[in-house]
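Data block below; observations after.
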Amino acid sequence: QVHLVESGGGSVQTGGSLRLSCTYSGPFISNVCKGWFRQAPGKEREGVASLSGGTTYYADSAKGRFTISQDNSRNTLYLQMNSLKPEDTAMYYCATWWSGDSRIDGQIGDCNFNRWGQGTQVTVSS
């Protein structure tokens, strides 16, 4: 089974930076789509960034400020977030695709997702 665990969330002021990490484990997931979603209270879940092979995709809200990357030697996915704004405040979830389940729970660009971590909270104060 696939297992995802996020860390690195916290509270920062506007303009600050955070790096989220997501350690992953499970069969056949090293080279499949991985991504970050977020959900603020009262709002729908939003895809933030995805990574598949060497291809990245960013939501307009993340372009120029966030960078997604992966270190397969550490089984870790990252989201570097710079120039944070209060509107970035949300629970952030990492996600991946597991081929053992055909259900699609989320999409970012050309990537589909059906496995999720438990989330890490990011709070940006003005």
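Please read these numbers as outputs of a predicted model, since none were measured by experiment. Quick note: residue numbers are just sequence positions, from 1.
From Ser25, atom OG reaches atom NE2 of His3 across 6.0 Å, with rounding to the nearest 0.5 Å. Once rounded to the nearest 0.5 Å, the distance linking OG1 of Thr123 with CD of Gln121 reads 4.0 Å. Taking OG from Ser50 and CD from Gln107, the interatomic distance works out to 10.5 Å, rounded to the nearest 0.5 Å. Considering CG of Asn82 and OG1 of Thr67, their distance stands at 6.5 Å, rounded to 0.5 Å. Separating the OG1 atom in Thr76 from the CG atom in Leu4 is a distance of 11.0 Å, to the nearest 0.5 Å.
The existence of a salt bridge linking Asp60 and Lys63 is confirmed by a sub-4.0 Å separation between a basic side-chain nitrogen and an acidic carboxylate oxygen.
Using modelled atom types, no side-chain atom of Gln39 and backbone atom of Glu44 make a donor-acceptor pair closer than 3.5 Å. For the pair Thr96 (side chain) and Cys33 (backbone), a donor-acceptor distance under 3.5 Å is present. Under the 3.5 Å distance criterion, the side-chain polar atoms of Thr120 are matched with a main-chain donor or acceptor of Gly9. A donor-acceptor pair under 3.5 Å is absent between the side-chain atoms of Thr56 and the main chain of Leu51, judged by distance alone. Between the side chain of Ser83 and the backbone N or O of Gly15 there is no donor-acceptor pair closer than 3.5 Å. A donor-acceptor pair is defined here as one N or O able to donate and one able to accept, closer than 3.5 Å; no such pair exists between the side chain of Tyr92 and the backbone of Ser7.
Both Tyr58 and Leu18 belong to a common hydrophobic cluster when Ile, Leu, Val, Met, Phe, Trp and Tyr are linked at side-chain heavy-atom distances under 4.5 angstrom. Leu20 and Tyr57 end up in different hydrophobic clusters when Ile, Leu, Val, Met, Phe, Trp and Tyr side chains are linked at under 4.5 Å. Ile68 and Phe113 sit in two unconnected hydrophobic clusters of ILVMFWY residues. Membership requires side-chain heavy atoms under 4.5 Å apart, directly or through other members. Neither Tyr78 nor Val2 shares a network with the other; the hydrophobic side chains, linked directly or stepwise wherever heavy atoms of I, L, V, M, F, W or Y lie under 4.5 Å apart, form separate groups for each.
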Can Trp116 and Phe37 be said to form a ring pair (Phe, Tyr, Trp, His ring centres under 6.0 Å), step by step?
-> CA-CA 9 Å; Trp116 305 84; Phe37 290 76; 4.7 Å; yes
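Taking each heavy atom of Val122 and Met81 in turn, the nearest pair found is CG2-CE, 3.8 Å. The minimum heavy-atom distance between Ser69 and Leu77, with the atom names listed, is O-CD1, 3.2 Å. Summarising the geometry of Tyr93 relative to Gln118, their closest heavy-atom pair is CE2-O, 3.5 Å, with the distance given to 0.1 Å. When all heavy atoms of Cys94 and Glu6 are compared, the pair lying nearest together is N-OE2, 2.8 Å. The minimum heavy-atom distance linking Arg38 with Ala90 is given by the pair CB-CB, 3.8 Å. Nearest heavy atoms, Glu46 versus Ala59: OE2-CB, 4.5 Å.
Under the side-chain contact (heavy atoms from CB on, under 4.5 Å) criterion, Asn114 pairs with Trp97, Trp98, Asp101, Asp105, not counting sequence neighbours. Contacts of Asn72 classified as side-chain contact (heavy atoms from CB on, under 4.5 Å), with partners at least two apart in sequence or in another chain: Tyr24, Ser30, Asn31, Gln70.
Residues Val12 and Ser17 fail the side-chain proximity criterion, which asks for heavy atoms closer than 4.5 Å. Side chains of Asp88 and Arg65 form a contact here, defined as non-hydrogen atoms less than 4.5 Å apart. Using a 4.5 Å heavy-atom cutoff, the side chains of Val124 and Thr89 are in contact.
The 12-atom threshold is not exceeded at CG of Asp110, counting heavy atoms of other residues, nucleotides or ligands nearer than 6.0 Å.
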